[in-house]
Amino acid sequence: MHQLFIEELPYDPNQVTPGVIGFAATALVAIVVMLLMWDFNRRVRRINDRADARERLQAEVAESRERLEQAVADTRHAAQAEADAANRQAEPGDADRDGPPRAEG
C-alpha cells in the first residue's frame with residue numbers, strides 16, 4: 001500500500017470541523033437555494049395566473065359569439081316572419097278580399 005495510509009495522522013480525524021468558513025459557505029448556499037425557490041414559485045404563479053386569465057377571456061369571447069349568433073338568428077327569423085306576413089297580405093285571391101277585381105274602363 002501507499003506510505004500515506006500507513007503513517008498515523010498528526011490530528012484526530014473525528015475532531016476536525018469546517019469552522020466559520022464552512023458554516024458561512026453552507027449558510028450562503030442555503031440562502032441562495034431559498035431565494036431561487038421563492039423566485040421559481042413566483043414565476044410559476046404568474047404563468048398560472050396568465051393561463052387562467054386567458055381561459056376566462058376565451059370563455060367570454062365564446063359566450064359573446066354565441067349571443068351574437070343567437071341575435072342574428074332571431075333577427076333573421078323575425079325578418080322572415082314579417083316578409084311572410086307581408087306576402088300573405090299582398091297575395092290576390094285571399095279570403096279577406098271584397099270580391100272579384102273590377103274592370104276599369
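Keep in mind the model is a prediction, meaning the values are calculated, not measured.
Atom CD1 of Ile31 is separated from atom OG1 of Thr26 by 11.0 Å, given to the nearest 0.5 angstrom. Between Phe40 atom CZ and Arg45 atom CZ the span is 11.5 Å, to the nearest 0.5 Å. Between the CD atom of Gln70 and the CG atom of Leu68 there is a distance of 10.5 Å, given to the nearest 0.5 Å. Rounding to the nearest 0.5 Å places CZ of Arg67 at 13.5 Å from CG of Asp74.
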**OP:** Kindly determine whether Gln58 and Arg54 satisfy side chain to side chain contact (heavy atoms under 4.5 Å, CB included), including the steps that lead there.
**Re:** CA-CA 6 Å; Gln58 288 174 348; Arg54 186 177 297 120; 3.9 Å; yes
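Heavy-atom neighbours of Leu35 CG from other residues, nucleotides or ligands within 6.0 Å: above the threshold of 12.
In summary, Arg42 and Asp39 engage in a salt bridge, as defined by a charged side-chain N under 4.0 Å from a carboxylate O.
Val29 and Met37 fall within a single hydrophobic cluster, where Ile, Leu, Val, Met, Phe, Trp and Tyr are joined by side-chain heavy atoms under 4.5 Å apart, directly or via other members.
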